[in-house]
2 protein chains.
Amino acid sequence: MRDIDIAEAARLSGVRASTLRFYEEKGLIASHGRRGLRRLFDPAVLDRLALIALGRAAGFSLDEIARMFAPDGRPRIDRRMLAAKAEELERTIRKLNAMRDGLRHAAACPAPSHMECPTFRRLLRAAASGAIGERKARRPPRKSFAATGREQGRARGS
Amino acid sequence: MRDIDIAEAARLSGVRASTLRFYEEKGLIASHGRRGLRRLFDPAVLDRLALIALGRAAGFSLDEIARMFAPDGRPRIDRRMLAAKAEELERTIRKLNAMRDGLRHAAACPAPSHMECPTFRRLLRAAASGAIGERKARRPPRKSFAATGREQGRARGS
DNA sequence: CTGCCAGTTCAAGTCAACTTGAGGTCAAGG
DNA sequence: CCTTGACCTCAAGTTGACTTGAACTGGCAG
């Protein structure tokens, strides 16, 4: 099988068809041709989608990810960029660690009200001063059909 | 000084006036009265704002935070909720750690192309399988005046 | 008394990453 | 041949947390 259609790409990658169209429009992936109306993708698009997922997970925006591909379509990943992102992650991790410890303490704290717990108040000051930094929890996707499974990579093979 | 006006609240908390109005509309904070048109806040609003900042930093949504206040306005923080959030944070941290290590390796990897680096490919598979999970980097606020330092409480005045 | 300017309201805009809806097309199966 | 259903396009909607713009108000310095 040379090319895969959008449904298959969606199934194999766990990425929705609508997202694939969106990515194509954004220039993140390219379809190779059509069969009737249907887009046909080179199976290599799956690697590319994995790369995109990786970038997203690392905190890159789609625009940043788009810039990681050379005009010829091959990945052109700047190592300094990776290192910088690793640093950024490091800082985030440190903050989250502090946060988690504070939350744990607050959860177990014997003080009658959190406002009377010194640890909690320290945390509060840290948050107020911006030391903890910003962070946004990602809402879960509403339909993560193939996402949670352990073996979605080669679903029903054949 | 009994009450503070919105400008002062903004200056002291580092939260923009527009945000304070937004929070009031959402029921997260309450103004105590007016002087002319101007809202007056009880200085305790600053604690409350710190609490809100803390919650945001921990990954709670504004709605979740709103639910952390009893109808009388005093914090009513569920310890189990804190513990659960700490757990969530823990999981996030673990993923980010893996991510960071992968990025570091990729940044230093001697393979000619990232696609030929085993570590990178392993990371890629993890991302594709959803094992790494989703995350969104928060874009920095365009003006974080009171955030980083003590001084510079000078908004864009005049 | 008169401006000024910082405040006010309300609606609408922004941003990112998608999703959804309406209306259309086409290849294959009965 | 005709229906069916999956795909197509394009525009608009969604979500969360705010920000911005337009039009307005009112306390206070001069």
Side-chain angles (χ1 to χ4, degrees), chain A residues 3-11 13-29 31-41 49 52-53 55-67 133-145 147, chain B residues 3-11 13-29 31-41 49 52-53 55-67 133-145 147 153-158:
Chain A
D3 291 329
I4 60 183
D5 72 7
I6 195 172
E8 189 131 27
R11 189 172 59 74
S13 67
V15 173
R16 283 186 172 206
S18 68
T19 306
L20 293 177
R21 277 182 223 109
F22 174 69
Y23 281 177
E24 184 178 13
E25 196 180 348
K26 275 226 138 192
L28 285 164
I29 58 176
S31 57
H32 216 241
R34 300 279 176 124
R35 175 168 53 231
L37 289 179
R38 288 172 201 207
R39 286 164 176 78
L40 293 176
F41 291 101
L49 287 170
I52 293 169
R56 296 274 303 120
F60 291 99
S61 71
L62 292 184
D63 283 352
E64 282 174 310
I65 293 169
R67 271 179 251 122
E134 316 206 322
R135 182 180 163 267
K136 189 172 172 189
R138 186 76 164 124
R139 71 205 136 129
R142 46 199 78 219
K143 295 225 177 183
S144 62
F145 45 97
Chain B
D3 290 330
I4 60 183
D5 72 6
I6 196 171
E8 188 130 25
R11 191 172 56 75
S13 66
V15 173
R16 284 188 171 202
S18 67
T19 307
L20 293 177
R21 278 183 221 110
F22 174 70
Y23 281 177
E24 183 178 13
E25 197 182 347
K26 275 226 139 194
L28 286 163
I29 59 176
S31 57
H32 216 242
R34 299 279 176 123
R35 176 166 55 230
L37 289 178
R38 286 173 201 206
R39 286 164 177 78
L40 293 176
F41 293 100
L49 287 170
I52 293 170
R56 295 273 304 119
F60 291 100
S61 71
L62 291 184
D63 283 351
E64 282 174 310
I65 293 168
R67 271 179 250 122
E134 316 207 321
R135 182 181 161 266
K136 187 172 172 188
R138 186 74 165 126
R139 70 202 138 137
R142 42 203 82 216
K143 296 231 176 181
S144 63
F145 43 97
R154 194 79 259 135
R156 55 244 128 131
S158 73

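Note that the structure is predicted; figures quoted are calculated from it, not measured. Both backbone and side-chain heavy atoms feed into the values below; hydrogens, waters and symmetry mates do not. All chains are named by letter (A, B, ...) in the order of the sequence lines, taking the proteins before the strands, and each is independently numbered beginning at 1.
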**Worked verdict on A:Leu62 versus A:Arg56 for side-chain contact (heavy atoms from CB on, under 4.5 Å)** = CA-CA 7 Å; A:Leu62 292 184; A:Arg56 296 274 303 120; 3.4 Å; yes

**Request:** Side-chain contact test, heavy atoms from C-beta onward, threshold under 4.5 Å: evaluate it for A:Ile52 versus A:Tyr23 and give yes or no.
**Result:** yes

**Prompt:** So what does A:Ala7 hit on the nucleic acid, given a heavy-atom distance under 4.0 Å: a base, only sugar-phosphate, or nothing?
**Reply:** sugar-phosphate

**Asked** Mind checking what makes side chain to side chain contact (heavy atoms under 4.5 Å, CB included) contact with B:Leu20, not counting sequence neighbours?
**Response** B:Ile6, B:Ala9, B:Ala10, B:Val15, B:Ile29, B:Leu49

**Asked** A:Leu62 has an atom CG; how far is it from atom P of C:dA16, in whole Å?
**Response** 10 Å

**Prompt:** Does B:Ser18 have a side-chain nitrogen or oxygen under 4.0 Å from the phosphate oxygens OP1 or OP2 of D:dC18?
**Reply:** no

**Message:** Tell me the interatomic distance from A:Glu25, atom CD, to D:dA12, atom C1', rounded to whole angstroms.
**Reply:** 13 Å

**Prompt:** Rounded to the Å, how far apart are A:Ile52 CD1 and C:dA17 C1'?
**Reply:** 13 Å

**Message:** What's the separation between atom CZ in A:Arg16 and atom CZ in A:Phe22, rounded to the nearest 0.5 Å?
**Reply:** 13.5 Å

**Asked** When you measure from the side chain of A:Ser61, which nucleotide among C:dA17, C:dT20, D:dC7 comes out closest?
**Response** C:dA17

**Prompt:** Do the side chains of A:Ile4 and A:Leu40 get nearer than 4.5 Å, heavy atoms only?
**Reply:** no

**Asked** Once you round it to whole Å, what is the distance between P of D:dC10 and CZ of A:Phe22?
**Response** 15 Å

**Prompt:** Looking across every strand, which nucleic acid part, if any, lies under 4.0 Å from B:Thr19 by heavy atom: base, sugar-phosphate, or nothing?
**Reply:** sugar-phosphate

**Item:** Atom pair distance, as rounded to whole Å: NZ in A:Lys26 and C1' in C:dC18
**Value:** 10 Å

**Message:** Taking 4.0 Å as the cut-off, does a side-chain nitrogen or oxygen of B:Arg34 come that near to OP1 or OP2 on D:dT25?
**Reply:** no

**Message:** Please check this pair: side chain of B:Arg34 against backbone of B:Leu37, looking for a donor-acceptor N/O pair closer than 3.5 Å.
**Reply:** yes

**Asked** Any sub-3.5 Å donor-acceptor pair from B:Glu64's side-chain atoms to B:Ser61's backbone N or O?
**Response** yes

**Derivation and outcome, salt bridge (Lys or Arg N to Asp or Glu O under 4.0 Å), residues A:Glu8 and A:Arg11** = CA-CA 5 Å; A:Glu8 189 131 27; A:Arg11 189 172 59 74; 3.0 Å; yes

**Request:** Do nucleotides 24-30 of chain C as a string where each nucleotide becomes B, S or -: B if the base has a protein heavy atom under 4.0 Å, S if just the sugar-phosphate does, - if no protein is that close.
**Result:** BBSS---

**Message:** Measuring to OP1 and OP2 of D:dA17, would you say a side-chain N or O of B:Tyr23 lies under 4.0 angstrom away?
**Reply:** no

**Asked** A:Arg56 side chain N/O closer than 4.0 Å to the phosphate oxygens (OP1, OP2) of C:dC18?
**Response** yes

**Asked** Taking atom P of D:dG5 as reference, at what distance in whole Å does atom CG of A:Asp5 sit?
**Response** 18 Å

**Prompt:** So, do A:Arg39 and A:His32 sit near enough that their side-chain heavy atoms are less than 4.5 Å apart?
**Reply:** no

**Prompt:** Taking the side chain of A:Arg21 as its heavy atoms from C-beta onward, which of D:dC7, D:dA17, C:dT19 lies nearest to it?
**Reply:** D:dC7

**Prompt:** Taking atom C1' of D:dT9 as reference, at what distance in whole Å does atom CD of A:Glu24 sit?
**Reply:** 12 Å

**Message:** Distance check needed: C:dA6 P versus B:Arg16 CZ, whole Å only.
**Reply:** 15 Å

**Prompt:** Between the axis at one end of the helix from C:dC1-D:dG30 to C:dG30-D:dC1 and the axis at the other (five pairs apiece), what's the angle to 10 degrees?
**Reply:** 20°

**Prompt:** Going through the distances and angles, do B:Lys26 and B:Asp63 end up as a salt bridge (Lys or Arg N to Asp or Glu O under 4.0 Å)?
**Reply:** CA-CA 9 Å; B:Lys26 275 226 139 194; B:Asp63 283 351; 3.0 Å; yes

